[in-house]
Structure formats: C-alpha cells, structure tokens
Amino acid sequence: MKVKDAQFIISAVSNAQYPDGNLPEIALAGRSNVGKSSFINTLIGRKSLARTSSKPGKTQTLNFYLINEQFYFVDVPGYGYAKVSKKQRESWGKMIEKYLMERPQLKGVVIIVDLRHPPTEDDRLMYDFLKHYQIPVLIIATKADKIPRGKWNKHVKITMDTLDVEPSDSVVLFSSETGVGKEEAWRKLENWISD
Ligand code: GTP
Ligand code: MG
C-alpha cells in the first residue's frame, strides 16, 4: 500500500473515546518493547509518528492512527512489563480485552514477537485468545536484523512451533531497521482492509 497520509487521531482508554465511523481497524499486540510502535512506523514510512522507546512500557493507551483516511492502526500497550503495578496491569488487560472482544471495526490483530527468542507464555495466551474469538491474526517475527540470515528459517520454525500456529496463519519475518518483510506484511493486511 502506498501511504499518502497518516495522522495520529486519539489516545483512548475507553469505548467512548474510540473514533466514530465504520473504518476498519488493525490492532497491534505483543510484549512490551518488542517493536509494535516501530512496526507501524515502518509500514507507513514515517520515522516517529507512533512513539517508540528503548524503555519498555512506552505505549500506555490505545492510540489510533488514521491511514489514507481508509483504516486505523491501533497501537496497544505491551504485555509482560514487570514494572507496572498489578492494578495498572489489570486495568490495561481489561481495556484491551474489551476492545478486542467488542469492537466491530476490528478486522484483525498483528501479534509481534521477537525473532531472536521463542515466543513467551503471554504470546501463546494472546494467540490462543484471538483464535478462540475467531479474530484474524498475522504474526510478525521482528528484529530479524539481529540474527544472521542463515539462521532465519530456524528461528521462524521455533516461532511457529512454540505458538503452535495453525496452517492457515502466517509468520512474516520482519525488521523495522532494514524493512525486510514490509511488502509481505502489507499484502496480508490489505486483505483485511478490503474485505
Ligand atoms: P511498548 O510501547 O513499550 O510496548 O514497546 P513497543 O512494542 O511499541 O516497542 P518500540 O517500537 O517502542 O521498540 C522498542 C525498542 O526496540 C526501540 O528501541 C526500537 O528502536 C527497537 N526496535 C524495534 N523494532 C526493531 C527492529 O526491527 N530491529 C532492531 N534492531 N530494533 C528494533
Ligand atoms: Mg509502543
């Protein structure tokens, strides 16, 4: 997709603040600091529209980005960040769960995992949750630039096996540093947007 226009619309914590209208939405999910916000920036070709940080816990609300006035990317707080309080974690969990389960505009969720390491228990729970509610999933294994090419296949296989990925779901190898996987990711997401 050619991105001509990308705008930050709102940082929301509850339904009342989500944008009106019926445009499709694609949400990001994944461990804190894994590269969710960077993924959005890489896809839209803007260095820092979605705020990123080397410290985990940067994204704390549901952030809606309107792309080509056609669909929204929804950046979501990461899971598994130890330094937030239990209460805070529970309230994010509820907000995210409610959004994922009750938002008709949601067309699919991109789970971002770190290609370098096997997916975590939280990643598995997220994948299983989305499958259970029949929400379309795309798995992005990012930070491929940190692994030598010769080991890419092995790591992709570990990712697929650990998540027990269904044959109909794809794992796309990706890097926000080099842009590898960008075209393939767009091809998958375009199917969700045009459905
Ligand atoms: P939270 O909002 O805290 O949940 O984090 P996030 O998942 O949005 O991660 P973010 O995009 O902020 O990236 C976290 C760190 O990883 C930053 O320092 C990024 O520069 C780095 N990073 C993200 N993607 C890549 C990648 O593909 N390769 C490399 N080498 N670094 C990356
Ligand atoms: Mg983020």
Side-chain angles (χ1 to χ4, degrees), residues 3 6-13 25-67 72-86 88-97 99-100 108-127 129-130 137-149 151-153 155-156 158-159 163 171-186 188-189:
V3 175
Q7 304 172 45
F8 170 70
I9 299 296
I10 194 168
S11 179
V13 292
E25 293 173 5
I26 295 174
L28 280 293
R31 265 194 320 110
S32 192
N33 213 232
V34 71
K36 297 176 295 299
S37 302
S38 302
F39 174 83
I40 295 178
N41 289 333
T42 301
L43 258 71
I44 64 180
R46 296 269 297 269
K47 261 218 156 70
S48 53
L49 186 66
R51 299 291 300 280
T52 66
S53 167
S54 56
K55 289 201 207 90
K58 179 71 192 173
T59 308
Q60 306 210 349
T61 49
L62 298 184
N63 296 333
F64 289 77
Y65 296 91
L66 179 58
I67 313 302
Y72 291 96
F73 271 131
V74 185
D75 200 5
V76 171
Y79 43 74
Y81 176 44
K83 277 199 186 139
V84 292
S85 68
K86 193 169 166 221
Q88 172 75 295
R89 201 158 42 225
E90 278 168 6
S91 93
W92 287 359
K94 282 205 193 101
M95 169 179 76
I96 294 165
E97 202 173 291
Y99 169 80
L100 294 175
V109 174
V110 180
I111 301 184
I112 314 266
V113 298
D114 190 327
L115 181 69
R116 294 172 296 176
H117 312 293
T120 63
E121 186 57 28
D122 285 335
D123 293 325
R124 286 188 55 129
L125 287 170
M126 179 54 78
Y127 181 68
F129 174 91
L130 295 170
V137 181
L138 172 65
I139 297 153
I140 296 287
T142 195
K143 303 196 181 177
D145 56 286
K146 301 252 195 187
I147 301 241
R149 250 166 213 275
K151 293 190 175 162
W152 281 357
N153 282 343
H155 283 256
V156 167
I158 293 171
T159 303
L163 287 176
V171 175
V172 173
L173 180 122
F174 190 84
S175 166
S176 288
E177 289 287 313
T178 67
V180 66
K182 180 175 165 174
E183 297 309 320
E184 197 184 347
W186 265 130
K188 307 276 181 198
L189 298 185

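Order of appearance sets the numbers: ligands from 1, and atoms from 1 within every ligand. As a basis for the values below, the full set of heavy atoms in this structure was taken, side chains included, without hydrogen atoms, waters or symmetry mates.
- Residue Asp75 has no nitrogen or oxygen atom sitting less than 3.5 Å from a nitrogen or oxygen atom of ligand 1, judged on distance alone.
- Close contacts between ligand 1 and Ser38 involve ligand atoms 10 (P), 11 (O), 13 (O), 19 (C), 23 (C), 24 (N) [criterion: under 4.0 Å to a heavy atom].
- Below 4.0 Å from some heavy atom of Thr142 lie the following atoms of ligand 1, by number and element: 27 (O).
- Looking only at protein heavy atoms, the nearest one to atom 27 (O) of ligand 1 is Ser176 N, 2.7 Å.
- With rounding to the nearest 0.5 Å, the separation of CG in Leu138 from CD1 in Ile112 is 8.0 Å.
- A donor-acceptor contact shorter than 3.5 Å links the side chain of Lys36 to the backbone of Arg31.
- Here the heavy atom of the protein found nearest to atom 28 (N) of ligand 1 is Asp145 OD1, 2.7 Å.
- Counting heavy atoms from C-beta on, the side chains of Leu62 and Tyr99 come closer than 4.5 Å.
- Atom numbering of ligand 1 starts at 1 in the shown order; those under 4.0 Å from a heavy atom of Gly78 are 4 (O).
- Remark: ligand 1 and Phe174 share no N or O pair separated by less than 3.5 Å (distance only, no angle test).
- The Mg ion (ligand 2) has no N, O or S atom of Thr52 closer than 2.8 Å.
- For ligand 1, the atoms sitting less than 4.0 Å from at least one non-hydrogen atom of Ser54 are 18 (O), numbered in the order shown with element in parentheses.
- Per-residue contacts place Ser175 under 4.0 angstrom from the following atoms of ligand 1 (heavy atoms of the residue considered): 27 (O).
- We find the CG-CG distance between Leu125 and Leu163 to be 10.5 Å, quoted to the nearest 0.5 Å.
- Checking only distances, Val76 never comes within under 3.5 Å of ligand 1, N or O to N or O.
- The protein non-hydrogen atom at the shortest distance from atom 6 (P) of ligand 1 is Lys36 N, 3.5 Å.
- Just one of Ile139, Val171, Ile147 meets the side-chain contact (heavy atoms from CB on, under 4.5 Å) condition when paired with Val156; it is Val171.
- Counting only heavy atoms of the protein, atom 5 (O) of ligand 1 lies nearest to Asn33 N, 3.0 Å.
- Within ligand 1, the atoms closer than 4.0 Å to a non-hydrogen atom of Lys146 are 30 (N), numbered from 1 in the order shown.
- Without hydrogens or angle criteria, Arg116 side chain to Lys146 main chain gives no donor-acceptor distance under 3.5 Å.
- In terms of protein heavy atoms, atom 16 (O) of ligand 1 is closest to Lys143 NZ, 3.2 Å.
- Scanning all protein heavy atoms for the shortest distance to atom 2 (O) of ligand 1 gives Thr59 OG1, 2.8 Å.
- Proximity of Thr52 to ligand 1, defined as any heavy-atom pair under 4.0 Å, is shared by backbone and side chain alike.
- Residue nearest to atom 29 (C) of ligand 1, selected from Arg116, Glu177, Arg51: Glu177 (by heavy-atom distance).
- Within the 3.5 Å criterion, the main-chain N or O of Val34 finds no donor-acceptor partner in the side chain of Asp114.
- Inter-residue side-chain proximity for Leu173 and Leu115 is flagged as met; some heavy-atom pair is nearer than 4.5 Å.
- Both the backbone and the side chain of Ser37 come within 4.0 Å of ligand 1, judged by heavy-atom distances.
- Heavy atoms of Ser53 approach ligand 1 to within less than 4.0 angstrom.
- Side-chain N or O atoms of Asp123 include one that pairs as donor or acceptor with a backbone N or O of Thr120 at under 3.5 Å.
- Applying the ring-ring contact (aromatic ring centres under 6.0 Å, His included) test to every pair with at least one member in residues 25-56, sequence neighbours left out, gives these pairs: Phe39-Phe174.
- When only non-hydrogen protein atoms are considered, atom 9 (O) of ligand 1 lies nearest to Gly35 N, 3.1 Å.
- Relative ring orientation between Phe73 and Trp186 is described as tilted, the plane-to-plane angle lying within the 30° to 60° band.
- Taking 4.5 Å as the limit, every side-chain heavy atom of Met126 sits out of range of all side-chain heavy atoms of Val113.
- When atom types are taken as modelled, the side chain of Asp145 and the backbone of Gly179 share no donor-acceptor pair closer than 3.5 angstrom.
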